[in-house]
K.L.:
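After the structure tokens below, expect a handful of questions from me.
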Amino acid sequence: MAPVKLGFFVNVAAAAAKLAAFAFSGSGAMLAEGLHSAADAVNTSFLLVGVTLSRRHADARHPYGYGAERYFWSFVSAMGVFLMGGGATIYHGILELSRPEPIRVGAFTWAALGAGGLLDGGVFFVSLRQARRRRGERSWLEYVRQSTDSSLLAVLFEDGVAILGVIVAAVGIGLTVWRNSVVWDAAASIVIGVLMSASALVLAQRNRLLLVGASARPDIEARIRRIVDSDPVVARLLSIRTRVLSADEFRVDLQVDLDPDDVVDRLRPEIRSAAERIHGPDELEAFSRGFARRVVDEMAKEVDRLEKRIREEVPGARVIDVEAD
């Protein structure tokens, strides 16, 4: 949660500085940046709510836990950035183009932009370092498409776009001063709004997929498949289904054809010993009933052992259901 908390406080500070600079200068680009940071602050608070609620323990009404809370609130956050940030910023840029008014650019404007860039950059690189650890050997595109930690992904996107926004705002304000035309300032406001809206739509789409039931990564499913295929009690793996429950946690449903021969081989000494003591059909029936229960119990223990092995080698497999055919 550290990058999310850090992002919240940084966005509050950056929004205050940028909106103060807008009040002083009247720059649409500064307003865009102020709204950008304000939207990020509000939506980071949504992320904090989601992370907190997702950590509640499973109960009778929610036997698989509350992990999806993270994705719901991340979706709300993305829509907030799209509407409150991107939409309002684009609207103001268009308004400034239709009714241009001169802006006042001074040292405070540049100082606010610089401070905002440093604050957003700090959070971005903290998030980037954490994301790099989780990415492993995957490409960045694969990580974005497969990540189940929507909160970290949101902070990474929001602050990455915030850095681009500061650059665009600086260019727009600089060109406005140089060319003495607010068209550049208005254009910068629109570009910032488009960047915010685009990043919000990417995040919303990712969270939508996680909410409706995305599967675990292909390499994780392949690892589980290798474990099951190599187990002596499994004759054949019929199907494997996974579903993401929360960040780096998922459910595994396995349909397998079990082979009791390994268990029966281990019980062979008991069979031979009992065969010498059996006299008559009644004793044979009693032995058969007891032996059948014993085989079933041993097979159940083997399934438990298989589930334990999967959890040990694939820590994210929180819920495992094995159906034997």
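The chain is numbered in sequence order, starting from 1. On a predicted model such as this, the values are computed, not experimentally measured, just so you know.
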K.L.:
Tell me whether the count of non-hydrogen atoms from other residues, nucleotides or ligands lying under 6.0 Å of CZ in R132 goes above 12.
P.N.:
yes

K.L.:
Taking only residues two or more places apart in sequence, or in another chain, which ones meet S246 in a side-chain hydrogen bond (donor to acceptor under 3.5 Å, both in side chains)?
P.N.:
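side-chain hydrogen bond (donor to acceptor under 3.5 Å, both in side chains) list for S246, sorted by chain: empty.
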
K.L.:
Please determine whether residues L245 and L210 belong to a single hydrophobic cluster, defined as Ile, Leu, Val, Met, Phe, Trp and Tyr linked transitively by side-chain heavy-atom distances below 4.5 Å.
P.N.:
no

K.L.:
Do D257 and V234 make a side-chain contact, defined as non-hydrogen atoms from C-beta onward lying under 4.5 Å apart?
P.N.:
no

K.L.:
Quick one about S230 and R309 (side-chain donor to acceptor, distance below 3.5 Å, no hydrogens or angles considered), yes or no?
P.N.:
yes

K.L.:
Which pair of heavy atoms, one from V244 and one from S215, lies closest together, and at what distance?
P.N.:
CG2-O, 3.7 Å

K.L.:
Assess whether a salt bridge exists between D229 and R236, defined as any Lys/Arg side-chain N lying under 4.0 Å from an Asp/Glu carboxylate O.
P.N.:
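No, D229 and R236 are not salt-bridged.
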
K.L.:
Closest approach of L128 and W140, non-hydrogen atoms and distance?
P.N.:
CD1-CH2, 3.6 Å

K.L.:
Do you see a donor-acceptor pair shorter than 3.5 Å between the side chains of R134 and Y143?
P.N.:
no

K.L.:
Taking the six-membered ring for Trp, are Y66 and H62 parallel (under 30°), tilted (30 to 60°) or perpendicular (over 60°)?
P.N.:
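Tilted, since the angle between the ring planes falls between 30° and 60°.
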
K.L.:
Just wondering, are more than 12 heavy atoms of other shown residues or ligands nearer than 6.0 Å to CZ in R241?
P.N.:
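No.
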
K.L.:
Can you name the closest pair of heavy atoms from A317 and R311 and give their distance?
P.N.:
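Result for this residue pair: O-CG, 3.5 Å.
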
K.L.:
Go through the side-chain N and O atoms of Q130 and R133 and say whether any donor and acceptor fall under 3.5 Å apart.
P.N.:
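No.
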
K.L.:
How would you list, by chain and number, every residue that makes a salt bridge (charged side-chain N to carboxylate O under 4.0 Å, His left out) with D304, sequence neighbours excluded?
P.N.:
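With neighbours one apart ignored, the set is empty.
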
K.L.:
Please go through L238's hydrophobic cluster and name the other residues, only I, L, V, M, F, W, Y counting, with side-chain heavy atoms under 4.5 Å joining them.
P.N.:
none

K.L.:
With a 4.0 Å cut-off on N to O distance, would you call D231 and R305 a salt bridge?
P.N.:
yes

